[in-house]
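Quick caveat: nothing in here was measured; it's all calculated off a predicted structure.
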Amino acid sequence: IFTEDFTENPGNFGDVKINGNGELLIKKKKKATTSNKDIRVYSEVQFSFDYGSSGSKNLKVGYKFNGSTTSWTYTRFAPTEERVTGSVSIAIPDNSRQLKFRFKGGGNTNQDRWRIDNVSVTGTEK
């Protein structure tokens, strides 16, 4: 569906902060959200990414179906200084046409930071 390595013209998450290592940087309670992605041909979507953090608060990864009428569903990822891969599998309801993704910080201080890279969103066709 899409991949994002935050190097050349990182457009899947809009206008976001990219650090000197070519990673998406999320501080405190900041968010990075994709535009709607067409998912009509998929029965399941897999969302994976590499991340590392400083601070002690969780990173939230969310998704939302069909525009603004539904609420966000979040999965929390524990902070880790080591770079690790996180993933979420999402079953797609029959009536769903679009899906958005979001990274959201859960911190309150400048020390709460998450570095995100190598985002991959793939789907299993119906």
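- In this structure the side chain of W72 reaches within 4.5 angstrom of the side chain of K100, judged on heavy atoms.
- When side chains are defined from C-beta on, E4 counts as touching F13, because their heavy atoms get closer than 4.5 Å.
- The nearest pair of heavy atoms linking P79 to G55 is CB-O, 3.8 Å.
- In plain terms, the two heavy atoms of S96 and I39 that are nearest each other are CB-CD1, 4.0 Å.
- For the side chain to side chain donor-acceptor pair (under 3.5 Å) test, residues two or more places apart in sequence or in another chain that qualify with R102 are T33, Y74.
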Please output the side-chain donor-acceptor pairs of residues 114-124 that fall under 3.5 Å, not counting sequence neighbours, one pair per line with the distance.
| from | atom 1 | to | atom 2 | distance (Å) |
| --- | --- | --- | --- | --- |
| W114 | NE1 | K57 | O | 3.4 |
| D117 | OD2 | R83 | NH2 | 3.2 |
| N118 | ND2 | D50 | OD2 | 2.8 |
| T122 | OG1 | Q46 | OE1 | 3.2 |
| T124 | OG1 | Q46 | NE2 | 3.4 |

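- Under a 3.5 Å cut-off, the side chain of N19 and the backbone N or O of N21 do form a donor-acceptor pair.
- With sequence neighbours excluded, no residue forms a side-chain contact (heavy atoms from CB on, under 4.5 Å) with D15.
- Within a 6.0 Å radius of NZ in K37, more than 12 heavy atoms belonging to other residues, nucleotides or ligands are found.
- Shown here for L24 and I18, the closest heavy-atom pair between the two residues is CA-CD1, 4.1 Å.
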May I have the list of side-chain donor-acceptor pairs in residues 103-110 shorter than 3.5 Å, sequence neighbours left out?
| from | atom 1 | to | atom 2 | distance (Å) |
| --- | --- | --- | --- | --- |
| N108 | OD1 | K29 | NZ | 3.3 |
| T109 | OG1 | Q111 | N | 3.3 |
| T109 | OG1 | Q111 | OE1 | 3.4 |
| T109 | OG1 | D112 | OD2 | 3.3 |

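- Side-chain N or O atoms of E125 include none that pairs as donor or acceptor with a backbone N or O of V41 at under 3.5 Å.
- Separating the CZ atom in F65 from the CG atom in L99 is a distance of 5.5 Å, to the nearest 0.5 Å.
- In this structure, S87 has no side chain to side chain donor-acceptor pair (under 3.5 Å) partners at least two apart in sequence or on a different chain.
- Using a 4.5 Å cut-off between side-chain heavy atoms of Ile, Leu, Val, Met, Phe, Trp and Tyr, with links allowed through other members, I1 and F6 fall into the same hydrophobic cluster.
- Aromatic rings of F47 and F101 (six-membered ring for Trp) have centroids within the 6.0 Å cut-off, being under it.
- Looking only at side-chain heavy atoms (C-beta outward), F77 and N58 stay at 4.5 Å or farther from each other.
- Ring geometry, F49 versus Y51: the interplanar angle falls from 30° to 60°, so the pair is classed tilted.
- In the hydrophobic clustering of this structure, I26 groups with V88; members are Ile, Leu, Val, Met, Phe, Trp, Tyr whose side-chain heavy atoms approach within less than 4.5 Å, directly or through other members.
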side-chain hydrogen bond (donor to acceptor under 3.5 Å, both in side chains) between N66 and Q98: does it pass, once the steps are laid out?
-> CA-CA 5 Å; N66 296 335; Q98 296 179 324; over 6 Å; no
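- The side-chain contact (heavy atoms from CB on, under 4.5 Å) test applied to S54 returns R113, not counting sequence neighbours.
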